[in-house]
Amino acid sequence: MIHSYKQGGLNIVLDVCSGAVHLVDGLTYDIIGVCDKSPELSREGIIKEVLSLPGRENESAEEINECLDQIEELKKDGSLFSNDDFKELAGQLKEKTSGVVKALCLHVAHTCNLNCSYCFASQGKYHGRRAVMSLETGKRAIDFLIASSEGRRNLEVDFFGGEPLMNLDVVKGIVEYARSLEADAGKNFRFTLTTNGMLIDDDVIDFANREMSNVVLSLDGRREVHDRYRVDYQGKGSWDVIVPKFQRLVKARGGRNYYMRGTFTHANPDFVEDIKVMLELGFDELSMEPVVCSKDDPSALDEKDIALVCAQYEELAQLMLQRRRENKPFTFYHYMLDLEDGPCIYKRISGCGSGTEYLAVTPWGDLYPCHQFVGEERFRLGDIWRGVTNTELQGEFKSCNVYSRKECCDCWARLYCSGGCSANAYHATGSIRGIYESGCTLFKKRIECAIYLEALRSIEG
Amino acid sequence: MKHIVTIKTRNLCKSARNGGCGECQTSCQSAKTSCIANQKCEKSQKK
């Protein structure tokens, strides 16, 4: 299977199953299109078909043959029209590592000092009561993670909420406890923190920059865009409070290992303008993501928005290219595609690991498949004292892979999205094996842009 | 004449040989709603 597209003057051909990326001239692009559409054609048939294409009437058979020879070489090499031999591998990685947990999302605070109307977690309460995690529960979660991680060395813990800084002492205590166990357990903890920034001070900056592998800082870009949704309980916008705090934290961090993480909605599908504001503020590790909510929510993206967002993704790619050439590069999370050292095929067909190797822990120690399922009682997997007790539910997540969704089997992007997000699928369709169509549309556009940028980087050096 | 330039990429077919070590970073940990290809292979990072 191949995927061919044109962007920024390049003709790009992705060989889906080998991962090979080819840049081709216009004639070869058309020939590959004919080969893809009519694989049964003989060489003579292909030449005849190509010569019947608009604008190709005067091509010489000699040149078409030359292109076909080069296409044949790539086929023999297994880097064009390669077969999908991975289906039987699906599920093997999860089977091999069954019961292993390597990452926890710790909900240290089911409460928040902001009142963002678009919050998927219902202002941090997750449709339940306000609560904070005790140090005892946090320590038990670390014990559970170490005990469940078997031979895995790298363990990840994300401090999440609500607003995790509303329970900072417990966060510090959990980190200290985990660090005290690292050497004896032979583990390497990587901590991350997601914050709205309201409580950042010198103490937080010192702690975060010492202990957090990554910090995720919530900022939606333009002041008026950010303050439309991200307000306190008096309805006051938070932009003026948090931006100087974020700037101090990032500067103290040496400008590395952080993300400005924004959400774009129906109110700002022109999100590249928000990216530009973040750049003006001095931030250069950026992520902007589409809101995920029900279709009747006022912040939901409609069809017109989706088309505009796709055009914005292309504009963003051009902006990144321009800044790269001006030696002022910035990163955009979803364009960080590592073509040479990306994940192996097992990871690509297994997905993100939610419900199996990655679990969310509530303030009172219940386990859920990931942070986006917390608050949905039927997705409760167990707790950190007894482990996973709802094995039937875990089995559903274990069997999720690229090949468990019929639509994914025929999709060119399947080895990049790995079947997509189970939570998004559930919230959009009612099934973790459903297809979140607008999410797929945007994902495919992002991958096209990312491959385009990486291909250009490769040829420009 | 060269009609095709191939960009250097990891061969996914060959990447099946190691059986998957499972040490690579879990997606949602990196930065929340639209998660794999932008992860890096842990083994490759240690080269």
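Throughout, protein chains are lettered first and strands after them, A, B, ... in sequence-line order, and every chain is numbered starting at 1. This one's a predicted model, so the numbers in the text were calculated from it and none came from an experiment.
Only the side chain of A:Phe86 comes within less than 4.5 Å of a heavy atom of chain B; its backbone N, CA, C and O stay farther away. Both the backbone and the side chain of A:Ile71 come within less than 4.5 Å of a heavy atom of chain B. For chain B, the nearby parts of A:Ala455 are the backbone and the side chain; heavy atoms of each come within less than 4.5 Å. Of the two parts of A:Cys17, only the backbone, made up of N, CA, C and O, holds a non-hydrogen atom closer than 4.5 Å to a non-hydrogen atom of chain B.
Heavy-atom pairs under 4.5 Å with chain B peak, among A:Leu27, A:Val21, A:Ile32, A:Val24, at A:Val21.
Taking the side chain to side chain donor-acceptor pair (under 3.5 Å) definition, one finds that A:Asp25 meets it with A:Thr28, B:His3, sequence neighbours left out.
You'll find the side chain of B:Arg10 stays beyond 4.5 Å of the side chain of A:Pro343, heavy atoms only.
One distance of note links CD1 of B:Ile4 with SG of A:Cys67; it measures 7.0 Å at 0.5 Å rounding.
Under a 3.5 Å cut-off, the side chain of B:Thr9 and the backbone N or O of A:Leu339 do not form any donor-acceptor pair.
Heavy-atom neighbours of A:Glu460 CD from other residues, nucleotides or ligands within 6.0 Å: above the threshold of 12.
Of all heavy-atom pairs between B:Ile7 and A:Leu23, the closest is CD1-CD1, 3.9 Å. Residues A:Ser18 and B:Cys13 share a closest heavy-atom pair of CA-SG, 4.0 Å. Listed here is the closest heavy atom pair of A:Val16 and B:Leu12: O-CD1, 4.1 Å.
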